[in-house]
Amino acid sequence: MVERPRDEAGRALNPRPRDRFGRPLPMGSVGVPRIPDDLNLPPQQTLTLAQQLLDDGLAFNAHEVLEAAWKNGPFAERMLWQGLAQYAVGLTHIQRGNPKGARTLLTRAVGRLRAYEPDDSRNSDNGSHGDGTDNSTEPGNRALPYDIDGAGLIARAETLLAALDAGAAITEDDLKPRLRV
């Protein structure tokens with residue numbers, strides 16, 4: 001068996017280059033720049049970088065950024081970040097021409113975004129608009145932290161799922177959701 005490179009903690013590293021859809025390329029090939037395995041950004045920077053990657057058509061890399069937030073963030077927010085990472089993987093599956101994988105991951109992402117319960121939806125630190133309104137009773141319409149556009153992401157995912165079910169064309173612009181309001 002070939003020995004894989006490992007970090008100081010013993011976790012396997014994957015130095016293999018990847019294409020823009022995250023598919024492995026042969027060693028020595030030139031791929032897209034990789035997201036560092038040890039990425040650990042504050043939430044707003046995570047969302048900014050993930051949005052830039054989505055806008056550039058790099059949903060797989062956006063997934064890696066969001067996955068880092070899921071794994072490194074506070075336990076109370078893990079479902080939220082996991083849902084966002086799964087959303088990006090669903091977009092990656094569309095880019096790769098895998099409708100079954102896209103349906104599975106987008107459906108999981110919608111479920112996680114709908115189920116996420118902020119600790120206090122009226123806390124101004126959680127991304128609410130501070131106008132005193134409580135829109136937390138409707139799933140997908142609650143104020144999510146960091147101004148994440150839960151309702152918009154869910155609506156976009158549902159549109160993509162309907163297009164997949166109908167066999168309709170999905171454009172590159174359809175795969176560039178806005179993460180924040």
Side-chain angles (χ1 to χ4, degrees), residues 1-96 98 101-102 104-120 123 125-127 143-150 152-153 156-157 172 175-181:
M1 179 161 43
V2 176
E3 187 66 26
R4 292 178 66 183
R6 299 193 176 272
D7 67 11
E8 298 85 32
R11 292 183 297 250
L13 298 174
N14 188 355
R16 192 167 172 187
R18 293 184 178 267
D19 72 7
R20 64 188 313 263
F21 302 128
R23 295 177 292 219
L25 296 170
M27 290 302 274
S29 299
V30 177
V32 299
R34 297 289 305 267
I35 301 301
D37 290 328
D38 61 350
L39 184 70
N40 189 4
L41 299 172
Q44 293 292 359
Q45 288 179 347
T46 295
L47 292 165
T48 297
L49 180 54
Q51 187 66 66
Q52 177 184 349
L53 293 165
L54 288 170
D55 291 346
D56 291 343
L58 299 170
F60 180 80
N61 283 22
H63 141 262
E64 289 190 326
V65 169
L66 295 164
E67 184 176 62
W70 160 24
K71 292 181 177 181
N72 295 321
F75 181 79
E77 294 180 2
R78 289 213 171 151
M79 184 179 293
L80 172 66
W81 293 107
Q82 183 180 31
L84 293 171
Q86 289 175 329
Y87 199 107
V89 174
L91 300 176
T92 300
H93 281 297
I94 293 171
Q95 290 174 325
R96 291 178 178 177
N98 177 3
T104 299
L105 272 294
L106 287 172
T107 300
R108 285 182 191 163
V110 166
R112 284 197 169 45
L113 292 173
R114 280 193 172 129
Y116 179 72
E117 292 285 344
D119 287 339
D120 180 1
N123 181 341
D125 291 337
N126 75 357
L144 294 180
Y146 319 112
D147 287 328
I148 294 170
D149 186 5
L153 288 167
R156 173 71 64 102
E172 283 187 34
L175 303 178
K176 297 176 183 179
R178 305 312 309 156
L179 297 176
R180 291 185 274 198
V181 293

Worksheet item: Below 4.5 Å, heavy atoms only, C-beta onward: do Met27 and Pro17 meet side chain to side chain?
Response: yes
Practice prompt. Measure the spacing between CG of Leu39 and CZ of Arg34 and express it to the nearest 0.5 Å.
Written response: 12.5 Å
Practice prompt. Just grab all the ring pair (Phe, Tyr, Trp, His ring centres under 6.0 Å) pairs involving residues 23-46, residues at least two apart or on different chains.
Written response: none
Worksheet, complete the sentence: Residue pairs passing the side chain to side chain donor-acceptor pair (under 3.5 Å) test with at least one member in residues 19-28, sequence neighbours excluded, are Asp19-Arg23
Worksheet item: Within the distance-only criterion (no hydrogens, no angle test), does the side chain of Arg178 pair as donor or acceptor with the backbone N or O of Gly152 below 3.5 angstrom?
Response: no
Worksheet entry | For the student: nearest non-hydrogen atoms of Val110 and Ala157, plus distance | CG2-CB, 3.5 Å
Worksheet item: What closest approach, in Å, do Tyr116 and Ala76 show between heavy atoms, and which atom pair accounts for it?
Response: CE1-O, 3.4 Å
Worksheet item: Can you pull the salt bridge (charged side-chain N to carboxylate O under 4.0 Å, His left out) pairs that have at least one residue in residues 42-51, sequence neighbours excluded?
Response: none
Worksheet item: Quick one: are Thr46 and Trp81 in side-chain contact, heavy atoms under 4.5 Å?
Response: yes
Worksheet item: Of all heavy-atom pairs between Ala85 and Glu67, which one has the smallest distance, and what is that distance?
Response: CB-N, 3.9 Å
Item to complete: Please collect all side chain to side chain donor-acceptor pair (under 3.5 Å) contacts where either partner lies in residues 84-95, sequence neighbours excluded, each pair once.
Response: His93-Asn98
Item to complete: Could you pull out all residues at least two apart from Arg108 that satisfy side-chain hydrogen bond (donor to acceptor under 3.5 Å, both in side chains)?
Response: none
Discussion item. So, taking the atom named CG in Leu84 and the one named CE in Met79, what distance separates them when rounded to the nearest 0.5 Å?
Written reply: 12.5 Å
Discussion item. Distance check, rounded to the nearest 0.5 Å: Leu113 atom CG versus Leu144 atom CG?
Written reply: 7.0 Å
Distance-only donor-acceptor pairs under 3.5 Å for side chains of residues 57-65, two or more places apart:
unit_1 : atom_1 : unit_2 : atom_2 : d
Asn61  : ND2    : Pro33  : O      : 3.0
His63  : ND1    : Phe60  : O      : 3.3

Item to complete: Find out whether Pro145 and Leu80 are in side-chain contact, i.e. whether some heavy atom of one side chain is under 4.5 Å from a heavy atom of the other.
Response: yes
Discussion item. Nearest 0.5 Å, please: how far is CG in Leu47 from CG in Asp147?
Written reply: 9.5 Å
Worksheet item: Taking side chain as C-beta onward, heavy atoms only, is Leu54 less than 4.5 Å from Leu175?
Response: no
Response to the item:
When rounded to the nearest 0.5 Å, the distance separating CZ of Arg156 from NZ of Lys176 is 10.5 Å
Practice prompt. Grab the two heavy atoms, one from Ala102 and one from Ile94, that are nearest each other, plus how far apart they are.
Written response: CB-CG1, 3.5 Å
Practice prompt. Hey, could you give me the CD1/CG distance between Ile148 and Leu153, rounded to the nearest 0.5 Å?
Written response: 8.0 Å
Worksheet item: Should Asp37 and Lys71 count as an ion pair when the cut-off is N to O under 4.0 Å?
Response: no
Worksheet item: Does the side chain of Ile35 reach to within under 4.5 Å of the side chain of Leu53, using non-hydrogen atoms?
Response: yes
Fill in: Nearest atoms (heavy-atom pairs only) where Gln51 meets Arg180
OE1-N, 4.5 Å
